Structure formats: C-alpha cells, structure tokens
Amino acid sequence: MGMLVLKWSQVRIARAWSLDVKTACIWISCLLVLFLSVEGFSRTRDTGAASFSIDLDKPFNEVLSIVDEVARSGSIKGTFEYRGDEQLGGAQFAEKSSLFPAWTEPGKVFYKIRTKALSPSHFLNSNDVGTVAVRYVVQERGRNSTRLFIDAVYIENARHHGHPSDGYVETCEFGEIGKLLKDREQLQKLAGSGQPLSPGQESTSLSQERQEEIKAEAEKTRTAENAKPKISKPKGSKSKESTPPEPPKVAEVDSAKLGDLRRAIAEQESALAADHAALDRLETQARQMRSSEFVRVKSDRAELKVLPYSHARVVEALKKGQEVTVLAKSTYWYQVRSEDGQEGWISHALLEVRP
Amino acid sequence: MQLCDAGSRKNYVSRSVLKSTLALVVLGLSYLAIGSQPSYAIPAFARKYGLPCSACHIGWPILNVFGQQFRDNGYQLGNDKDSPIYQNPSYWPITFRVTPQWHLESQTKVQIDDPSGLTPGTEQTVTTHGFDLSGLDIWTAGTLYKNISFSVLPSMGEGDTFHFENAWVRFDNLLSSPWLNVKVGKFELDTLLSEKRFLTLSGVGGAWINYHFLPPMQIPYVTDNSFGGIGDNQIGLEISGHNKNSYARYSVALLSSVDGNPGLTSGGQGNTARTYDTFINLNEGFQVSGLGVQRVGVFGYFGQSPTYFLTSGGTPVEAKGNRSFSRVGAYGWWFLKDLDIETLYMHGQDNVYLGNGIAANNPGGLPTGAAGPTWNGGFVEAHYTYNPQLIFTGRYELVHMSRQANATLAAFPNLGNVDSFTIGYRWYPIMLSRAGLAFHNEYSQAKTGNTSFLTQSDQTIRSVMIGFDFDY
C-alpha cells in the first residue's frame, strides 16, 4: 500500500514554478495585451441588458388576452436549433418558472418554456442542451395604457449557465404580439362597433376561417341589434301590434322634460368624453415624459432600420446630433421615432442621452 | 524455428535502446513533432445537421455534455434529423485539420559531442525555433446506416507516410438499448479525459505524461515496454454503454497487444503478436445544484508485452515471454460554471522483466535487487471558458517513481520523475459549421529527473508555441 502513496516530499513544485513561470507569464501577458487590443476580441462577453419593454396605447385586458395567446402558441420566435428553421417549436405555457427571479412588481406574468433546446440561436454564447424560457409581464399603466416587458433566457442543463438573449427573441415575440394586436384592431373595425370584442372573439386567431367567423358574428350582432324593438317609436306608426297605449297628457309634459334631461345628459356625457380624451392625452404625454427617453444620435453613420438587425433594411439615415424618441428597448437595439415621424430600430451604441 | 539466444535478446534490447534513447521517452520528445496528437472536432457534423459548433463543444475540441451524448449515441441525434431525407445528397462528411505555427523547443544539459571525439563532450542547453507545420489529419466520420457509425482518420506528418490514427465501425444501440454498443477497429480508448480533445499542442504540453509514461530501465534513461500508453489508440473490440444522457457510462475493450500498430506488430516486430490486453473504464456524472454536472470515474489497463521472440532464419516470428503491466487510476471532471477542472490519479506497474529489459526465459539475467517498477502520477488541468471563443488553460502534472527496477537505479533519487506545467489560451475568431480557426498560444515546461546523459542530473525541457489551428 505504501507503494501506492505518492511521495509528495519529492514533489518539487516550488522549484519548477520559479523563474520559468515568470518568463512564461510575461510571454503570455504580452500576447494577451496585443490581442485584447484588437477590437472584437472580447466582444462576445456580454451579460445581456435590460429586458424588452414597450408602452402600448391599449387597454390592459386586451393586451393581456393577446399575450396569453402568444404564451400558449407552442413556439418561440426569433430563435432556432437547426439552420433553416425559423422558430423553436414544442414550447409550453407556464405560470411559474424558476429560470427567472420572482417578479415582485405589479403585473400579470406568463412564461413560455422549451426544454431540451440544443444550443438555440440568438442567446449569447449559447452552448450544449438546456431550457429556453420567455417571460412576459403585462402591467396596467392607465385606462388605455399598458406596459409590456418581455425577457428571454437560455439555461444550460449541465453547467446551469444562463445565456441572455441578444434581444432578437424578445423583439420577434413582441412582433407576434403586435401583429395580433393589429389584427384585433382590424377585426374590431370590421365588426363596426368600435367596441372591444366579446370574450369569444378575444382569441384572435390569424386563420382565415377564424376571421370569417368573427366577421359573421359581427354581422349577426348588427342584424340582431337592428331587429330589436326601438325604445322611442317613430311617430305615425300604423302597426297595431306595436302601437303603444295612448299616453296621458301629463305624460306629454313629462316627455318634454325628459327630452331636456336627455339632452343635458348627452351634453354632460360629451363633456365627460372630452375630459377623458384630454386625460388620455395628458397621460400619454406624461408617460412619454416619464418613460420615453429623448436621446441623440452620436454617430455620423447612424441608420434607422426596419428590424433590430445589422443587415436589416434602412429606413433612413440619421444625422449626428439628431434627437429621437425612444419607443421600446431591447438588449442592444432601441426602437425610436425620428423628428420626421419615421419609426425604426437603431443600435443603442449609436445613441447618447440628451443632456 | 528456434528460441532466441542471448545474442538475439541483446539485439532486441538494442533495438529498444535505439528506439527510445535520446527521445527521453517519458516526456515524449517524440511529441516534438508538433501535432502528433491530433485533437478531434468535425465541422462536417455541424454541416450535416445545421447545428452550431457550440451544440457539441464547450470550446473546440472539448465536448460538452450533449457532445458526449451525441458521440456515445453513434454520431446520431436520436431524432428525425438523422434521417437521410434531411441531408443534402452532396454532403461529404470530411474534415481537414492542420496547424501552421511558430514554436521554440529548448532542453538543458544536452550532451554536446567533442569535435575531436576524444572526450565524452560537454553538456549545454540547446534551443531551436522557427516556423513549422503540424501533421495533417483528414477525418471522416458519421453513420453508414441507422445505428452503424464509423470513423476513419488517416494522418501524416511532413515527409511521412500516412497512418491510420483511427479506423473503426461501431454497431450502436444493440437490442434497442444504449447500454450495448460494439466497436471494432483502431480507436481511442474510452478515456473521458481525452487526450485527443484537450487544448494543448506544444512539444512538451502536447501530451499527458501519465498517459504515456514508461519507467526507466537503465541509466541513461531507456525503457523496454513496447506499450505506448493509454494515450495511444489501440486495435481491438470495445463493448460500451451509457444511459440516456450519458452521465453513466462503461466500456470494456479487448485489445491486441500491439500498441495500436497494425500487422500484428508486437514489440515492434510484425506478424508476431499473440496476446491481448484489456481496458476498462467506468464513469458517472451527477448534477450539483448551481454548479453543473460533475463526473468521476475509474479505469484500468491490463496488458502484456513480449520480452523475446522466436525467430526463423533470424526473423522474429512469434512474440514470447509476455509479461504483464498495468495502469489503474481514478479521475474527476469538475464543473464550476465557466471553470472546469480535470483531475487524474494513476498508478502504474511493469513486470520485473519488462522493467529490467530481460528476457523472461533468462531469469538469471535479472540484476541485483530487481523488482517490478512502480510509479504514481497525476495532473490537475483547468479550463476557464471566458466565452466559447476564448478559453484559458493551465495544467500541473507529475509522475514520481515509487519503486525503481533495480538497486542501481534506486541510487538515483529522481530518476524517472517528471514535474511539468503548461499554460496557454486559445482564441477562436472563427467557429462556424463550415470551418474553425483558433489562435493558439502556449508555454510548457517539464523537469525530468536524472536524465542527462553525462552527469545524470535533472534536465528541463521547454516549449513555446504560437500557431493557427484550423479545420475545414
């Protein structure tokens, strides 16, 4: 047994790690400095940035129902395993996830989870097999204002290493939400009422069949409303079945007063609506003042792009010093509105906070 | 046909001496031919499946957990992507690898001949450096059919002829179970800490000493065992298995005692082999919350080497007097997020005849105090993955003799001992499914005990390597 034991007294580590180590360290250090000075050498070390967030001029419940639907869609946009794929299928809806710290602020939280994902794209330094999780937080900000946060992260199974998204996943997920919100708006217009759709209509499927179904329901609703008996019957109606009993004279006097009252109520409702509209405008302005940053372009070669991608189509070239309003933020890209009203995405590295 | 006489035996020993003298066997100056230990990675797999390199590699060529699983599963993902309908008919699963480089090699206390030839000469440090090329690897691997995988890796150095670094076929998932796979051919032993996949390439650091160590037989340093070490690919049959995520793995291999040389080449003589070796490896992985998968394992190589030959007309025709040797050890691979540490302990022993270079049919030739040499060794190697494109590595390795082969050798306290360290980094500016390029910078040195030819004092060997390791 004694033979099996290392004779540690013979180990002369100190001697081996003497002058030669210093020489080696100097050698390695010199070369490291050389290469660290090369731009891009350390560019991939990034812990990610703030989540995607955007303020929407939509009622909380409407946004909530859309986000819920996207969270249950079964696929995660903006990432893939195999080249040629466009999304990550097999995702599951979840109300809780240990992959994110507990959300302690107000708001409704949803998760979409995909396990056994193989080095998914658009997660920084993605490696090995693990779990992709997308978190959506919907916050009510006002009567017609909702804030939406989206985060995506990939956690390796083996090393428990967390890889934040480069922002593209959140952007694509929001793209899906935005698309559904627009579809919802269009369907509401089709319904002709301008009112929110019934709960049955809230599941805004994009399929042609569903759109036709909603159109048909809207038409049915209008038809039904037209078929309802009118509260104020037009004078001179000759229909026996619908002829009301002869009202007393006192009632005729009251009717005149009732008309006045109705007009007064209508005026007050109109004033109230105007106040609400003004309040909404003020809220929007205040929100913009609070959350929308006014930033300035700091580069001569800044381009506003359609999508948050270096190779995306350019909307317009921005000039150095030009001010833009931030509408949404993802990890590396800001969605902004330029002074001439053009909206698009620009790398945050090209912007500076206005003094 | 006749038994070798003493003279024949001497010739055999002389051949061994020639083969190993000046090479400083332990440290593998044979590895000074840079890149003789190719490390594997195959962008062709990434091309085949449309996956990024990061799916299988922590950093090329180290495998991550999924990469190990993919390899264990016979280069199959186990999903419908394995089906030929997903593959480009023009897909050609082949990868080339070569490493142009600048390197420096230095060795202290080298015997320098006296020009007059009258005196033994002197000792001094010898340093050489310059631009160079590694050998060329042309590796193809994949599946021949569902659950039949293969690998062929012809390799050559500058001016050399090709040899097969590996060539095998494997029948995977037999009886529909991942626990039964059979591989036949020349292959890397199932060492989870794979020398073929480590990050160091320099002359000294390009091999794990423990995987190739042979004990000294005499002064100056000469060895006799023809086994090249568990770092050498071997020829034989391997039965292996693993659980679904490849955390639990086993392998048992029956190998010809030829040190991976084709042609039944035992002890350097073709068509003489007649014995078999066995290699066993067991390992288990387990999750540690917040840190990752930790792996531990044990291995053992139990082999035989000839000590003389039957000859016919002076030509060796059968290896005889085979005597045993063994290498047993335990290892761990510890993950602490971005830092992973490989640790290994190994104990080795050679039979007294192998240790002293004496034919087994000549027991009277054993020197005074002859004994089977034994030694212990190990290493600690750390990798810090700053990101998948930049990995730092450092290693400390030692081998210390615990029993010399005879009383004469025992008089030299450090004989056979090796202390070595290596530091370096690899930066991967390109790591794509079609190609990989790594900038490699490494310094390594080793101190070898009592190996100088004239004074029998310790020697130090140093290597510096700066190169571009690329595959396509």
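Chain A is the first sequence line, chain B the second, and so forth, proteins listed ahead of strands; every chain is numbered from 1. Only heavy atoms go into these numbers, but all of them, side chains included; no hydrogens, no water, no symmetry mates. These numbers come from a predicted model, not from an experiment.
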Can you check side-chain contact (heavy atoms from CB on, under 4.5 Å) on B/Trp60 and B/Tyr428, steps first, answer last? CA-CA 9 Å; B/Trp60 166 50; B/Tyr428 305 85; 3.7 Å; yes
Heavy-atom nearest pair, A/Val70 first then A/Lys112, reads O-NZ, 3.0 Å
From CA spacing to verdict: side chain to side chain donor-acceptor pair (under 3.5 Å), B/Ser202, B/Ser444: CA-CA 7 Å; B/Ser202 70; B/Ser444 59; 2.8 Å; yes
Check against side chain to side chain donor-acceptor pair (under 3.5 Å), A/Thr171 and A/Trp333: CA-CA 9 Å; A/Thr171 306; A/Trp333 293 81; over 6 Å; no
Considering only heavy atoms and a distance below 4.5 Å, find which of B/Cys56, B/Gly449, B/Ser289, B/Gly292 pairs most often with chain A. B/Gly292
Pairs of heavy atoms under 4.5 Å with chain B: top-ranked of A/Val129, A/Leu118, A/Asn157: A/Leu118
Proximal component of B/Ile58, with respect to chain A [non-hydrogen, under 4.5 Å]: both
Residue pair B/Gln445 / B/Ser463, side-chain donor-acceptor N/O under 3.5 Å: no
Chain A contacts, top residue of B/Leu77, B/Asn245, B/Val293, B/Val288 (heavy-atom pairs, under 4.5 Å): B/Val293
Looking at B/Asn64, B/Leu291, B/Leu63, which one has more heavy-atom pairs under 4.5 Å with chain A than the rest? B/Asn64
